[in-house]
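Each remark here refers to the structure printed beneath this line.
Just follow the structure's listing: the first ligand is 1, and inside any ligand the first atom is 1. Predicted, not measured: the structure shown is a model, and the values here were computed from it.
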Amino acid sequence: MNDKQIVASEAAKIVKDGMVVGLGTGSTANYFIEALANRKKEEGLQITTVASSTISAIKAQSMNLFVQSINQFSKIDLYVDGADEITPKLTLLKGRGQDLVMEKLLASAADQFIVVADKSKLVSRIGEKFVVPIEVLPSAWQIVKLELEKTGATGDIRLNLNKDNIAITASGNYVLDMTFPPNLSDQSLNSVLNCIPGIIEHGIFYDLTSYVLLSDNGIIEKMYPI
Ligand code: 5RP
């Protein structure tokens with residue numbers, strides 16, 4: 001098993017009978033879906049899942065997990081997902097996969113949000129390795145871009161894989177991929193992005209993580225915010 005599989009299996013052990021479990025998106029989240037489906041098959045675990053993306057819903061259904069729509073719930077028990085960056089305070093950068101809105105909704109609606117990752121995801125600050133994805137109302141993208149540039153940010157609208165059109169998110173919006181000055185703290189950046197009209201959601205997950213299960217060459221560490 002690789003490090004992502006190891007933490008995903010560990011997270012699946014936390015799931016209890018009767019729980020409503022949010023499924024993340026990405027390769028580590030996929031391993032979690034597989035481990036959860038295995039537990040259901042082997043132990044007859046009765047669980048309901050809610051997916052953060054269509055691709056995760058398809059995978060879960062193909063593995064015989066029961067997938068419900070989020071509109072059936074006002075809260076969920078557990079959400080397990082990966083991340084692109086994790087700071088010492090467990091602020092996350094997420095959203096490469098363009099499913100930001102549902103991912104943050106599930107993270108905030110969950111009693112427990114557990115992040116599963118390998119050591120490569122640890123950073124000292126958000127934006128160290130990746131641009132920050134900001135999902136915007138299509139008609140507002142130029143207004144939002146100018147507002148972001150006033151903070152010293154640089155970047156542009158995300159294009160599709162062929163680079164011949166604008167990328168559209170699962171919620172039908174555009175994405176601005178921005179780099180911010182390194183002196184802006186994660187907390188300030190989160191506050192700024194929360195307040196700009198036209199921003200639907202952004203990839204900074206601040207103060208949402210319960211704990212991180214991190215695997216480094218097979219050794220699992222449980223990390224709490226410092
Ligand atoms: C998707 C995400 C993923 O969780 C993140 O990109 C990590 O992916 P992986 O587990 O494949 O490394 O935020 O929006």
All heavy atoms of N173 vs all of P138, minimum pair found to be OD1-CD, 3.5 Å
Looking only at heavy atoms, what is the nearest atom pair of G44 and D17, with distance? O-OD1, 4.4 Å
With sequence neighbours excluded, give me every salt bridge (Lys or Arg N to Asp or Glu O under 4.0 Å) pair touching residues 195-220. K104-E201, K119-D216
Has D111 got a side-chain atom pairing as donor or acceptor with L78's backbone, closer than 3.5 angstrom? no
Taking the six-membered ring of F205 as reference, does the NZ or CZ atom of K94 fall below 6.0 Å from its centre and within a 45° cone about the axis? yes
Report every pair formed by an N or O atom of ligand 1 and a protein N or O atom separated by less than 3.5 Å, giving atom names and the distance to 0.1 Å.
{"from": "ligand 1", "atom 1": "4 (O)", "to": "T25", "atom 2": "O", "distance (Å)": "3.1"}
{"from": "ligand 1", "atom 1": "4 (O)", "to": "D81", "atom 2": "OD1", "distance (Å)": "3.3"}
{"from": "ligand 1", "atom 1": "4 (O)", "to": "G82", "atom 2": "O", "distance (Å)": "3.2"}
{"from": "ligand 1", "atom 1": "4 (O)", "to": "K94", "atom 2": "NZ", "distance (Å)": "3.1"}
{"from": "ligand 1", "atom 1": "6 (O)", "to": "D84", "atom 2": "OD1", "distance (Å)": "2.5"}
{"from": "ligand 1", "atom 1": "6 (O)", "to": "D84", "atom 2": "OD2", "distance (Å)": "3.4"}
{"from": "ligand 1", "atom 1": "6 (O)", "to": "R96", "atom 2": "NE", "distance (Å)": "3.1"}
{"from": "ligand 1", "atom 1": "6 (O)", "to": "R96", "atom 2": "NH2", "distance (Å)": "3.0"}
{"from": "ligand 1", "atom 1": "8 (O)", "to": "R96", "atom 2": "NH2", "distance (Å)": "3.2"}
{"from": "ligand 1", "atom 1": "10 (O)", "to": "S27", "atom 2": "OG", "distance (Å)": "3.4"}
{"from": "ligand 1", "atom 1": "10 (O)", "to": "T28", "atom 2": "N", "distance (Å)": "3.0"}
{"from": "ligand 1", "atom 1": "10 (O)", "to": "T28", "atom 2": "OG1", "distance (Å)": "2.5"}
{"from": "ligand 1", "atom 1": "11 (O)", "to": "S27", "atom 2": "N", "distance (Å)": "2.8"}
{"from": "ligand 1", "atom 1": "11 (O)", "to": "S27", "atom 2": "OG", "distance (Å)": "2.5"}
{"from": "ligand 1", "atom 1": "12 (O)", "to": "K4", "atom 2": "NZ", "distance (Å)": "3.0"}
{"from": "ligand 1", "atom 1": "12 (O)", "to": "K121", "atom 2": "NZ", "distance (Å)": "2.6"}
{"from": "ligand 1", "atom 1": "13 (O)", "to": "K94", "atom 2": "NZ", "distance (Å)": "2.7"}
{"from": "ligand 1", "atom 1": "13 (O)", "to": "G95", "atom 2": "N", "distance (Å)": "3.1"}
{"from": "ligand 1", "atom 1": "14 (O)", "to": "G95", "atom 2": "N", "distance (Å)": "3.4"}
{"from": "ligand 1", "atom 1": "14 (O)", "to": "G97", "atom 2": "N", "distance (Å)": "3.3"}
{"from": "ligand 1", "atom 1": "14 (O)", "to": "E103", "atom 2": "OE1", "distance (Å)": "3.1"}
{"from": "ligand 1", "atom 1": "14 (O)", "to": "E103", "atom 2": "OE2", "distance (Å)": "2.9"}

Determine the minimum heavy-atom distance between Y211 and L90, stating which atoms define it. CA-CD1, 4.1 Å
